[in-house]
Amino acid sequence: MSTKFLKDTFGICKKIKQYQKSHLIIKVLATIVACLIFLMFIPAVRNLILIAVWPKIWRQVGTIDILMMEFTTQSPKNVVGQNCTSTVKPTLDLIRRLHSIHKHENVSEERLKSQAHRHFLPAMSFTEKQTILQIYVVLADSLRRSGVEFFLESGSLLGAHRHHGLIPWDNDIDIEIHVTDWMTARDALSCIEGYELIVDPIMHWRFNERKSRYPFVDIFFYTGNDKYIWAITWYARRSLVALKSEVFPLTTGIFEGIEVPVPKETEIILRNLFDYDYCFSRSPKTGKYRSGTTVHCSSLLYIYSMFHINTET
């Protein structure tokens with residue numbers, strides 16, 4: 001038997017072993033991937049694995065439903081603003097409607113019991129609060145007269161339920177409208193004297209005074225099926241995915257003395273969305289709540305009234 005034959009045979013055996021080893025690694029990796037995919041369809045396990053990136057409000061929703069929402073949701077086509085040839089005047093007595101605004105006159109840095117609480121000082125002046133509430137009242141009246149149903153969502157819904165108004169350290173109002181009503185909503189809000197509607201094809205609109213783009217009301221749009229409703233705009237789905245039975249029929253809440261439309265099971269929705277008993281400030285750098293300061297809301301009761309919170313820390 002020649003030396004060359006032995007070397008060739010040894011080389012072939014070595015390659016077979018390498019192939020078997022690499023094939024085994026591939027099989028192991030494929031098995032691990034298959035197991036992970038399988039586990040993604042078990043909500044309790046999925047939520048634990050993805051706890052750092054999986055939105056809290058998605059935790060009660062099946063993986064297939066989330067995938068359907070993420071990959072099949074589309075914005076309407078040809079969404080553009082309306083050119084106004086004339087304007088209409090707001091018809092409401094705004095001063096009469098806005099007599100119960102929380103002034104927070106006694107809230108100042110000198111009264112604070114903790115340095116962390118300075119991140120929870122009022123974000124808006126009293127004049128700015130008056131302005132944003134006037135904007136909201138004009139918007140709400142115009143939509144109702146046009147037959148467009150809407151409701152408060154996200155931080156504004158939290159404000160209505162926990163603070164009976166704006167979250168003191170928040171600075172806007174968020175509402176949701178069904179996507180099939182987008183043209184009616186656009187027509188209702190586009191040509192109001194002194195006000196401006198900013199239309200965006202991704203279905204995140206803004207309504208503000210024409211003389212200034214701050215403060216403003218954020219307008220989002222939702223769609224749904226027989227079981228769920230969810231936001232059209234991809235980033236808004238992090239705050240709106242809900243059982244239709246928990247949202248409708250709508251009921252009312254109180255927001256700075258104004259009656260506002262809110263989901264039927266507001267507290268359930270809020271506790272699925274937020275760590276309700278904890279207060280989150282905006283980060284000075286990013287403007288995002290989750291990267292700001294967090295305190296138990298009961299620690300702020302000496303400066304703000306709050307409702308429906310668990311005071312046990």
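Along the sequence shown, residues are numbered consecutively beginning with 1.
Residues Val179 and Pro76 meet the side-chain proximity criterion, which asks for heavy atoms closer than 4.5 Å. Using a 4.5 Å heavy-atom threshold, the side chains of Ile173 and Phe255 count as touching. Between Val61 and Met69, the closest side-chain pair of non-hydrogen atoms falls below 4.5 Å. Using a 4.5 Å heavy-atom threshold, the side chains of Val88 and Glu193 count as separate. In this structure, Met124 and Tyr214 have side chains that are in contact, with non-hydrogen atoms separated by less than 4.5 Å. Looking at Lys56 and Leu273, their side chains never come closer than 4.5 Å, going by heavy atoms from C-beta outward. Contact check for Phe280 versus Phe274: no side-chain heavy atoms found under the 4.5 Å cut-off.
Taking both residues in full, the closest heavy atoms of Asn208 and Pro215 are given as CB-O, 3.6 Å, listed atom of the first, atom of the second, then distance. Between Gln82 and Cys191, the closest heavy-atom pair is OE1-SG, 3.8 Å. Looking at every heavy atom in both residues, Met203 comes nearest to Ser75 through CG-OG, 3.8 Å. Residues Tyr228 and Trp230 share a closest heavy-atom pair of O-CZ3, 3.7 Å. In plain terms, the two heavy atoms of Trp169 and His119 that are nearest each other are CB-O, 4.3 Å. Considering all non-hydrogen atoms of both residues, Arg210 and Ser190 come closest at NH2-O, 4.3 Å.
Aromatic ring pairs are classed by plane angle as parallel below 30°, tilted from 30° to 60° and perpendicular above 60°; the pair His308 and His161 is parallel. Using a 30° and 60° split on the angle between ring planes, Tyr136 and Phe150 fall in the perpendicular class, above 60°. Classification of the Tyr222-Phe248 ring pair by plane angle, with boundaries at 30° and 60°, yields tilted.
Without hydrogens or angle criteria, Trp58 side chain to Arg237 main chain gives a donor-acceptor distance under 3.5 Å. The backbone N or O of Val148 sits nowhere less than 3.5 Å from a side-chain atom of Asp181 that would complete a donor-acceptor pair. For Asn47 (side chain) and Pro43 (main-chain N/O), a donor-acceptor pair under 3.5 Å exists by modelled atom type. Put simply, the side chain of Ser281 gets close to the backbone of Thr293: a donor and an acceptor are under 3.5 Å apart. Using a distance-only test at 3.5 Å, with no hydrogens or angles considered, no donor-acceptor pair links the side chain of Arg59 to the main chain of Leu48.
Under the 4.5 Å side-chain heavy-atom criterion for ILVMFWY residues, a single connected hydrophobic cluster contains both Met68 and Ile66. Leu139 and Ile254 are not part of a single hydrophobic cluster, where members link through side-chain heavy atoms under 4.5 Å apart. Under the 4.5 Å side-chain contact rule for hydrophobic residues, Leu240 and Ile202 do not share a cluster. Linking ILVMFWY residues whenever their side-chain heavy atoms come closer than 4.5 Å, directly or via other members, leaves Ile309 and Ile268 in distinct clusters. Phe307 and Val260 are assigned to two separate hydrophobic clusters, defined by single-linkage of ILVMFWY side chains at heavy-atom distances under 4.5 Å.
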Just do the side-chain contact (heavy atoms from CB on, under 4.5 Å) check on Cys279 and Arg162 with the steps written out, would you?
-> CA-CA 10 Å; Cys279 290; Arg162 193 174 69 189; 3.6 Å; yes

Step-by-step side-chain contact (heavy atoms from CB on, under 4.5 Å) determination, Thr251 to Val262 = CA-CA 5 Å; Thr251 183; Val262 298; 3.6 Å; yes

Between Glu70 and Arg238, does a salt bridge (charged side-chain N to carboxylate O under 4.0 Å, His left out) hold up when you go through it step by step?
-> CA-CA 11 Å; Glu70 286 293 282; Arg238 277 62 185 160; 3.5 Å; yes

Quick one: do Ile132 and Leu166 satisfy side-chain contact (heavy atoms from CB on, under 4.5 Å)? Show the steps, please.
-> CA-CA 10 Å; Ile132 195 171; Leu166 281 157; 4.0 Å; yes

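Residue-environment remark: NZ (Lys227) stays at or below the threshold of 12 foreign heavy atoms within 6.0 Å. Sparse packing is recorded around CE of Met183, with 12 or fewer heavy atoms of other residues, nucleotides or ligands lying under 6.0 Å away. Under a cut-off of 6.0 angstrom, the local environment of CZ in Phe71 is sparse, with at most 12 non-hydrogen atoms contributed by other residues, nucleotides or ligands.
From Ile57, atom CD1 reaches atom OG of Ser239 across 7.0 Å, with rounding to the nearest 0.5 Å. Atoms CD1 and CD1, on Ile219 and Ile198 in that order, are 10.0 Å from each other to the nearest 0.5 Å. Between the CG atom of Leu157 and the CG atom of Asp174 there is a distance of 10.0 Å, given to the nearest 0.5 Å. Summarising the geometry, atom OG belonging to Ser212 is positioned 8.0 Å from atom CD1 belonging to Ile135; distances are rounded to the nearest 0.5 Å. To the nearest 0.5 angstrom, Leu112 atom CG is 9.5 Å from Arg118 atom CZ. For the atom pair Leu152 CG and Leu250 CG, the distance stands at 10.5 Å (nearest 0.5 Å).
Looking at Phe216, Phe220, Tyr195 one by one, the single match for ring pair (Phe, Tyr, Trp, His ring centres under 6.0 Å) with Phe207 turns out to be Tyr195.
Taking the six-membered ring where the residue is Trp, the centroids of His163 and Tyr304 are separated by 6.0 Å or more.
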